[in-house]
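Shown next, in C-alpha cells, is the structure this report addresses.
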Amino acid sequence: MERFGGWCWYLGDKAKLLKKHKCGKWMHFFSNQEFAMHLCEKAIAENVCYECKCTDMESTGEKTGVICFYLNGDDIENHRKVIQFMLDNDLIRKTKTGKLYNISFKFDDETRAQKYGADFEGSIKLAQFLNLTTGEWIR
C-alpha cells in the first residue's frame, strides 16, 4: 500500500495491463477507513482487480470515501470477478424491496471529462451481468 494524493493505493500483478482509454472502476462508498483498506488488500491478494484504491480519510479529513476496483472495460472475466467480490463482501446496496441497485462501471476517461452525478450515465451497468431482483448471473 502506498499513500499518495489523498488515496491509499494497492497494486496487483496485473496493474501494468491497465490501458489508459479502456481502464475504469467499479466503486463502493464507505465510512470506515479500516474496513476499506482491508477490502483493498483482500481484493489485490485474491487477484480480483488489477489495481485498487480507497480514499485516505486521514489525510483528506473526509467523513466518507470511495473504494475503486480497477480493470479494463473490455475484460468481461474480471468484471465478473469484481462483481462477485462485491457481492461476497456486501458492497452493493439494495433497495427497500431487496433489489440490487443498478450501479455503473465508470471509465477513467469519464472521470477525466468530469462526468459526475446527473452528468454521468454509465455504459456498463450491473444489470448487464446480474438479474437485479434475484442476483443470478445473466451471462
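The basis for the numbers below is simple: all heavy atoms, side chains too, and nothing from hydrogens, waters or symmetry mates.
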When you look at Cys23 and Leu71, which way does the side-chain contact (heavy atoms from CB on, under 4.5 Å) test go after all the steps? CA-CA 6 Å; Cys23 174; Leu71 60 142; over 6 Å; no
Which atom pair, heavy atoms only, marks the closest approach of [X] to [Y]?
| X | Y | answer |
| --- | --- | --- |
| Ile138 | Ala127 | CD1-O, 3.1 Å |
| Gly65 | Met57 | N-SD, 4.4 Å |
| Gly98 | Lys94 | O-CD, 3.6 Å |
| Gly135 | Leu130 | O-CD2, 3.5 Å |
| Ile67 | Cys54 | CG1-CB, 4.0 Å |

Are Met27 and Lys106 packed together at the side-chain level, in the sense that at least one heavy-atom pair is separated by less than 4.5 angstrom?
yes
**Prompt:** Do Tyr101 and Leu126 come close enough that some side-chain heavy atom pair is under 4.5 Å?
**Reply:** no
Working note: Thr133 + Leu100, criterion side-chain contact (heavy atoms from CB on, under 4.5 Å); need CA distance, chi angles, decisive distance, verdict.
CA-CA 7 Å; Thr133 302; Leu100 294 165; over 6 Å; no
Ring pair (Phe, Tyr, Trp, His ring centres under 6.0 Å) pairs touching residues 12-46, sequence neighbours excluded, are Trp26-His79, Trp26-Phe105
Residues 50-69 vs ring pair (Phe, Tyr, Trp, His ring centres under 6.0 Å), sequence neighbours excluded, gives Phe69-Phe85
task = In plain terms, say whether Glu58 and Arg3 are close enough for a salt bridge, that is, a side-chain N and a carboxylate O under 4.0 Å apart.
result = yes
key: Ion pair check, Asp108 and Lys20, cut-off under 4.0 Å   = no
Is a donor on one side and an acceptor on the other found under 3.5 Å between the side chain of [X] and the backbone of [Y]?
| X | Y | answer |
| --- | --- | --- |
| Thr134 | Glu136 | yes |
| Gln33 | Thr55 | yes |
| Asn72 | Asp74 | no |
| Asn78 | Lys81 | no |
| Glu110 | Phe107 | yes |
| Asn89 | Leu91 | no |
| Asp56 | Phe4 | no |

One should read off an interatomic distance between Glu51 CD and Asp13 CG, to the nearest 0.5 angstrom, of 12.5 Å
**Prompt:** If you measure only the distance, is there a donor-acceptor pair under 3.5 Å linking the side chains of Trp137 and Gln84?
**Reply:** yes
ask   = Between the side chains of Lys125 and Ser104, does any donor sit under 3.5 Å from an acceptor?
value = yes
Are [X] and [Y] linked, directly or through other ILVMFWY residues, by side chains that come within less than 4.5 angstrom of each other?
| X | Y | result |
| --- | --- | --- |
| Ile92 | Phe129 | yes |
| Ile83 | Ile124 | yes |
| Leu11 | Val48 | no |

Which is it for Glu41 and Tyr10 under the side-chain contact (heavy atoms from CB on, under 4.5 Å) test, yes or no, and what are the steps along the way?
-> CA-CA 7 Å; Glu41 290 170 5; Tyr10 301 80; 3.4 Å; yes
Legend entry - Worked verdict on Val82 versus Tyr70 for side-chain contact (heavy atoms from CB on, under 4.5 Å): CA-CA 9 Å; Val82 171; Tyr70 285 96; over 6 Å; no
